[in-house]
Amino acid sequence: MTKSFMSLWGRFLFQDRGILPTKRLLIIYSIVSLSMLACSALIASWTFVIVVNVCFILISFIDLLLFPRKQQIIIMRNMPEEMERGLTYAIQVEVKNNSEQSINFRLTDGIPQSFLRPFPSKGRVLKNTQAVITYDTQASMRGNYQIDKLYFRYSSIFNLWEKQMTVELPHSVKVIPDLTETKQYLQDAQAFLLYEGLAIRKQQSGIGDFAKIRNYVVGDDPRKINWRQTAKLREIMTNDYEPEHGKYITVLIDCGRMMGVELAKGNRLEKSLEAALTVIAAALQKGDYVSVLAFSNEVKVFVPPAKGMAHLQTILQAAYHLQVDAAESNYAAVLHYLETMQKKRSLILLFSDVGTFLHEDSALAYLKRLRQRHLFLMIGIEDMTLTRMIKVNPDQVQTAMMKSMAQQQMLIKKKEKIKWEKQGLLLLEAREEKLAVTAVSHYIEIMNRNLL
């Protein structure tokens with residue numbers, strides 16, 4: 001009995017298959033029934049009322065005979081294989097009607113609950129034609145999703161009854177991080193940084209690999225003028241240098257418990273992963289070797305170093321599904337693992353929570369050893385709750401106490417940062433919307449100054 005009820009309830013909730021009365025049928029039947037009840041109170045008998053109701057229901061079954069067969073309705077879905085988190089995508093559903101009857105339909109696609117679900121979508125298909133219906137959706141959580149079914153209801157010309165069927169349309173969708181900032185950088189690096197109020201740092205004069213000889217423009221260093229070419233062409237020519245290529249960049253992404261703190265859009269891990277991909281794209285574009293290591297209490301993902309923009313896709317496919325773990329981050333174990341895996345001198349770029357990292361004294365011993373060979377830079381997201389509390393006006397005793405506690409926490413953090421920076425370990429914090437720009441800007445500065 002329970003299974004039968006659940007099956008019936010499932011069909012009513014747009015699942016599986018079945019035949020259901022439409023709103024038009026229920027309204028007409030209600031009007032007819034009320035009219036018969038009114039008549040029964042005056043002249044008609046109850047037998048007459050029952051006969052009329054039964055006849056009305058039987059006549060309505062004629063509408064079922066006009067329904068197209070299920071085999072005459074073909075449904076196809078056009079959906080991308082990859083979707084970026086938080087971006088809106090238009091999904092097309094094509095409904096082909098091979099029957100001699102026009103139909104009205106409603107559909108609900110079997111996309112996951114974490115997707116935006118603007119259903120049911122409505123439409124109409126004329127006989128022997130096809131119609132395309134489009135709905136917009138977006139995914140809020142990364143991962144690999146399997147979409148198997150589409151639930152479809154359609155009615156005939158009189159729109160008294162609806163048939164419901166489930167269409168098997170298996171489709172796999174990968175929800176990857178939002179690559180908007182990465183694409184903006186690849187399109188125009190200088191514009192990407194200037195938009196955030198930063199500029200690409202100029203490198204030291206004559207430092208780096210010789211790139212080309214070009215015409216002198218106002219603002220160029222006169223010491224880089226190529227006098228031989230100037231005399232030959234009778235135009236002022238200058239040497240153009242660019243940072244050395246082929247450096248090694250190691251990106252560490254923390255997936256521990258503290259990276260699950262919610263932000264305005266997503267959480268710390270989401271923003272860190274998107275910022276890390278922007279830095280990776282910048283490094284690969286400049287010809288550097290990039291490796292990625294994601295961890296929590298143990299190593300979750302490790303991508304060996306390689307160069308070329310094709311490597312960005314390798315990293316993306318390896319790290320797109322990373323999620324926050326409930327465990328605390330084990331920095332010491334990860335740094336020990338990195339020490340054995342990365343033998344060549346590299347820039348270690350760690351995306352993590354600065355407040356948590358500062359109290360990991362066990363990691364400091366490993367970092368001192370790593371610092372002898374590698375360059376270390378850590379970037380975290382500012383605690384805006386702490387910052388807002390420091391700026392609050394202490395108009396009440398409780399507010400004043402909370403502000404003083406926030407100031408004390410900030411002083412402790414600054415004191416710990418100074419201790420780490422004395423060991424040659426740079427720690428930065430940026431607002432969530434400026435995390436990618438800050439990371440890329442410091443990477444470019446390190447490369448242009450040849451600190452690696």
Side-chain angles (χ1 to χ4, degrees), residues 196-198 251-276 279 295-297 324-335 348-371 375-443 445-446:
E196 299 294 341
L198 297 171
V251 178
L252 306 184
I253 302 174
D254 184 4
C255 301
R257 181 179 63 87
M258 292 304 296
M259 297 300 287
V261 174
E262 291 295 327
L263 304 174
K265 293 182 179 180
N267 54 33
R268 286 178 177 173
L269 178 59
E270 299 287 359
K271 299 302 295 184
S272 297
L273 187 56
E274 292 164 7
V279 177
F295 68 96
S296 55
N297 59 338
V324 177
D325 288 345
E328 299 291 343
S329 302
N330 191 341
Y331 296 102
V334 161
L335 293 173
I348 298 176
L349 189 58
L350 171 62
F351 288 89
S352 183
D353 176 50
V354 174
T356 305
F357 186 77
L358 289 173
H359 296 89
E360 289 289 333
D361 293 332
S362 59
L364 184 58
Y366 286 98
L367 281 175
K368 285 181 179 179
R369 292 204 303 269
L370 285 173
R371 182 67 183 87
L375 187 62
F376 180 82
L377 172 63
M378 177 181 178
I379 299 181
I381 299 175
E382 284 185 11
D383 188 345
M384 296 307 298
T385 303
L386 193 65
T387 304
R388 284 194 297 266
M389 189 57 62
I390 291 174
K391 295 180 180 179
V392 75
N393 182 26
D395 53 354
Q396 298 179 359
V397 175
Q398 184 178 3
T399 307
M401 292 179 63
M402 294 177 67
K403 179 173 183 175
S404 63
M405 292 293 294
Q407 290 174 329
Q408 184 182 14
Q409 291 295 320
M410 185 63 72
L411 289 174
I412 293 174
K413 181 184 289 188
K414 289 181 178 180
K415 182 180 178 181
E416 291 295 321
K417 285 177 69 175
I418 291 172
K419 182 183 76 173
W420 286 72
E421 288 171 356
K422 286 181 178 179
Q423 304 293 330
L425 307 171
L426 183 60
L427 292 86
L428 302 172
E429 283 188 300
R431 298 178 62 176
E432 58 176 292
E433 65 272 14
K434 293 183 178 291
L435 184 65
V437 173
T438 303
V440 172
S441 178
H442 280 81
Y443 158 74
E445 182 177 23
I446 291 171

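- Taking 4.5 Å as the limit, every side-chain heavy atom of Gln407 sits out of range of all side-chain heavy atoms of Met410.
- Residues Leu427 and Leu358 have side chains in contact (heavy-atom distance under 4.5 Å, counting atoms from C-beta outward).
- Classified by interplanar angle (parallel below 30°, tilted 30° to 60°, perpendicular above 60°), the ring pair Phe295/Tyr331 is perpendicular.
- Rounding to the nearest 0.5 Å places CG of Leu435 at 7.5 Å from NZ of Lys271.
- Counting only heavy atoms from C-beta outward, the side chains of Val440 and Val279 approach each other to under 4.5 Å.
- Taking CG from Leu425 and CD1 from Ile348, the interatomic distance works out to 9.5 Å, rounded to the nearest 0.5 Å.
- Among all heavy-atom pairs drawn from Ile381 and Glu429, the shortest one is O-OE2, 3.7 Å.
- In this structure, Cys255 and Leu269 approach most closely via the heavy-atom pair SG-CD1, 4.0 Å.
- Within the model, atoms CG of Leu273 and CD1 of Ile253 stand 5.0 Å from one another, a figure rounded to the nearest 0.5 Å.
- Note that the NZ atom of Lys414 and the CD1 atom of Ile412 stand 12.5 Å from one another [nearest 0.5 Å].
- Taking each heavy atom of Ala264 and Glu432 in turn, the nearest pair found is N-OE2, 3.3 Å.
- Atoms OG and CD1, from Ser404 and Ile390 in turn, are 10.5 Å apart once rounded to the nearest 0.5 Å.
- Here the side chains of His442 and Thr438 are in contact, with some heavy-atom distance below 4.5 Å.
- Sparse packing is recorded around CE of Met405, with 12 or fewer heavy atoms of other residues, nucleotides or ligands lying under 6.0 Å away.
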Exercise. Go through the steps to decide whether Asp254 and Phe357 satisfy the test side chain to side chain contact (heavy atoms under 4.5 Å, CB included), and finish with yes or no.
Key: CA-CA 10 Å; Asp254 184 4; Phe357 186 77; over 6 Å; no
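- Classification of Lys419 and Glu416 as a salt-bridged pair holds, one side-chain N sitting under 4.0 Å from a carboxylate O.
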Self-check item: Steps toward side chain to side chain contact (heavy atoms under 4.5 Å, CB included) verdict (Leu263, Arg268)
Solution: CA-CA 7 Å; Leu263 304 174; Arg268 286 178 177 173; 4.2 Å; yes
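- Atom OG in Ser441 sits 10.0 Å away from atom CG in Leu428 (nearest 0.5 Å).
- Residues Asp383 and Val354 fail the side-chain proximity criterion, which asks for heavy atoms closer than 4.5 Å.
- In this structure, the side chains of Met259 and Asn267 stay at 4.5 Å or more apart for every pair of heavy atoms.
- Side-chain contact between Phe376 and Leu367: present, with at least one pair of heavy atoms (C-beta onward) separated by less than 4.5 Å.
- The shortest distance between side-chain heavy atoms of Ser352 and Met378 falls below 4.5 Å.
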